[in-house]
Amino acid sequence: MLRAFKSIRVQILAIVLVCYLTPTLLLGQYMGSVFFEDLRKKTEAALTSGVEHARALTVQNIEQLVTLAKDATYDGELTSAYTQYSLGNIADAEFLRLSRTYIERKYGREPELTFSAYFTLERPELLIYNRASYAPAQRFQETAQAAALALGSELDTKCLFWEGGGNVCLVRNLMNLKMQRFGMLVLGVDMNLVLAPLSDLAAAWDAQMDVKLGQAGATQLNWDALPSGLWEPEDSEHLIYTLKDEARDWELAVRLSISKERIYGEMWAFRRLMAGLLMLLVPIMAIMLWYVRRRIVKPITLLANASKRIEAGELGVTVPMHGDDELGNLGQAFSRMSTRIAELIDKTYKEEIALRDARIQAMQSRINPHFINNALESINWQARMEGCEKVSAMVEALSVLLNASMAKANRRMVLLREEVEVAEAYLYFVSQRFGDRLRVTCDIPSEALGFTVPLLSIQPLLENAIEHGIAPAGGGELGLLCRLDGERLTVKVTNSGQRISPEDEKRIALSLAGDNQGGTHLGLANISSRLRLIYEGAAGLTVSSGERGLTVARLTLPARQPSAQADTTEHI
């Protein structure tokens, strides 16, 4: 990372970003840590105040219902009617009339009550209710009266909000003057009216409300585990306000789940507005970056890339930089310098090529007298031994050899076909020399004849096999084999004459490697030197003992495309 920061391009970009980000971050820090935090606290305080006010009104409604339930005992009318009825002083009809009249008068006009009913413990099936409560009272009697009786045995003198028969009911035991339980009062509670202050607040805040009143409501929640007041659960998009309140005759628990978007909506809207204002600076920032990139970063990048290309060996690289400013002048000077360096190196390279050509031609000239003398000696010998009949044929073969060594002195690469012609001319001479004592085998595929090889690279191998193998043994088999293997051409010259000793094999290997201190095997050493100059390590020549007592000279070359006029500099 420190290395990347050393780049001028990165430094300029960092400076521009700092100039943009510094005021943006300072303003964002103030808005986030001071302004919006204060606004959030005020919003939560307003929510808490609203909840507390709604709680006070709801508690007032609950206390009013509890007071109504207690009045049944304090008024004494139901107690008196039951006492007279139990003593036999009044009949059933009168007892029912007195009880219904009180229920109707006391509870019939209370909007928070959905029904009101009363029954005695002796005759619970005799349910007494007001006129408007027939349906809910009957439903209560059928589905919940038995459970209410069970609750009453443990209720003593307290009231209890309880859910039974599909309704929320306020149940209370009725006691006589001796504090003996003789009946139960059941008041159906309209929770919508009782909890209207909290419901209105929840509606205003678009909140979800869960309520537990006594044993009615959301009893499935673990209310004890919920903290009181305003709190935020983990990984939630809502705020929770938990309200818990209780008295002797009731217990109230409320949970409001409020969307943060609803609570902090205005604050978030203001934050988005500020973000939008800050984003208006982006186009200005983009224009600055574009200008810096076009006028500073891009020219510097062009110069850096051009320098790397020159370092990689690509000469004469220029950069398309113009203008009269400092960077434009620098780019033009760089292009002129690069062009001048390419010219100097090209001149030096051509001089080196000329020197290399001279060395190659000098080595080739060492071959020519050697085989020409041998050819002339053969002609002279044949003329003395057999007369002049074959002189024209031998002279024709000699012309081929002279053409290879003299007429083509300006060429280093020839087709394999031409090399084979030279080899055949040479083999004609040696066949006249050895007669039946020499057996020659040639195997050259036609598809290989069109590939280029170094001039006089095969004939010296044949001559070496004749002079160092066949001649000392007085005759033998001589083989010439060419093979194409993928992208390589292999030429093998084998002879069954005198085998080379391990010492000779080592000396030949040293000569082929360029260490020819003994001055022997000049033809092989010459071929190996030319291969190193021409192919630069991609070709090779080896001489070794093969199978069946054969001596094998193996020439391996990269297979080249046909080129009858191979240029001297083309293959270096």
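Considering every non-hydrogen atom in both G474 and R437, the closest pair reads O-CD, 3.3 Å. For the residue pair I470 and S496, the shortest heavy atom distance occurs at CD1-N, 4.4 Å. Contact detail for A473 and Q498: the closest heavy-atom pair is CB-N, 3.7 Å. Minimum interatomic distance between R483 and P445 (heavy atoms only, all atoms of both residues): NH1-CD, 4.0 Å. In terms of heavy atoms, I466 sits closest to F434 at CG2-CE1, 3.7 Å. The two residues S511 and A525 make their nearest non-hydrogen contact at O-CB, 3.8 Å.
For the residue pair R309 and N305, no side-chain donor N or O sits within less than 3.5 Å of a side-chain acceptor on the partner.
The shortest distance between side-chain heavy atoms of V543 and L524 falls below 4.5 Å. In this structure, the side chains of R255 and Y241 stay at 4.5 Å or more apart for every pair of heavy atoms. Between N329 and F334, the closest side-chain pair of non-hydrogen atoms is not below 4.5 Å. Within the 4.5 Å cutoff, no side-chain heavy atoms of L226 are placed close to those of N222. Proximity of P233 to W231: side-chain heavy atoms (C-beta onward) are separated by under 4.5 Å at one or more points. Considering only heavy atoms from C-beta on, L438 comes within 4.5 Å of V440 through its side chain. In this structure the side chain of L256 never reaches within 4.5 angstrom of the side chain of L47, judged on heavy atoms. Side chains of T441 and L478 form no contact here, defined as non-hydrogen atoms less than 4.5 Å apart.
Pairs passing the ring-ring contact (aromatic ring centres under 6.0 Å, His included) check and including a residue from residues 492-515, sequence neighbours excluded, do not occur.
Remark: R417 engages L415, E421, L449 in a side-chain contact (heavy atoms from CB on, under 4.5 Å) (not counting sequence neighbours). Qualifying side-chain contact (heavy atoms from CB on, under 4.5 Å) partners for S457, counting only residues two or more places apart in sequence or in other chains: E419, V453, P454, L555.
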Under the side-chain contact (heavy atoms from CB on, under 4.5 Å) rule, what do L230 and I240 come out as? Steps first, then yes or no, please. CA-CA 6 Å; L230 186 64; I240 305 297; over 6 Å; no
For the pair T490 and C482, evaluate side-chain contact (heavy atoms from CB on, under 4.5 Å) and give the outcome as yes or no after the intermediate values. CA-CA 6 Å; T490 302; C482 295; over 6 Å; no
Check the pair Y535, T556 against side-chain contact (heavy atoms from CB on, under 4.5 Å), reporting the backbone distance first and the verdict last. CA-CA 11 Å; Y535 293 100; T556 305; over 6 Å; no
Working note: N495 + L462, criterion side-chain contact (heavy atoms from CB on, under 4.5 Å); need CA distance, chi angles, decisive distance, verdict. CA-CA 9 Å; N495 75 87; L462 296 172; over 6 Å; no
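To the nearest 0.5 angstrom, S544 atom OG is 6.0 Å from R554 atom CZ. One distance of note links CD1 of I508 with CD of E503; it measures 11.5 Å at 0.5 Å rounding. Expressed to the nearest 0.5 Å, how far NZ of K492 lies from OG1 of T542 amounts to 10.0 Å. We find the CD-CD1 distance between E463 and I458 to be 14.0 Å, quoted to the nearest 0.5 Å. The distance from the CE atom of M337 to the OG1 atom of T339 is 9.5 Å, given to the nearest 0.5 Å. Distance check: L416 CG to E447 CD gives 11.0 Å after rounding to the nearest 0.5 Å.
Panel note: side chain T242, backbone S228; no donor-acceptor pair is recorded below 3.5 Å. Of the possible donor and acceptor atoms, one in the side chain of S431 sits under 3.5 Å from a partner among the backbone N and O of Y428.
Look at K41 and E44 and you find no salt bridge, because none of the NZ, NE, NH1 or NH2 atoms lies under 4.0 Å from a carboxylate O. A salt bridge does not link K260 to E237: none of the charged side-chain nitrogens sits closer than 4.0 Å to a carboxylate oxygen.
The environment of D436 atom CG is sparse: at most 12 non-hydrogen atoms of other residues, nucleotides or ligands sit within 6.0 angstrom. Surrounding CZ of R488 are more than 12 heavy atoms belonging to other residues, nucleotides or ligands, all under 6.0 Å away.
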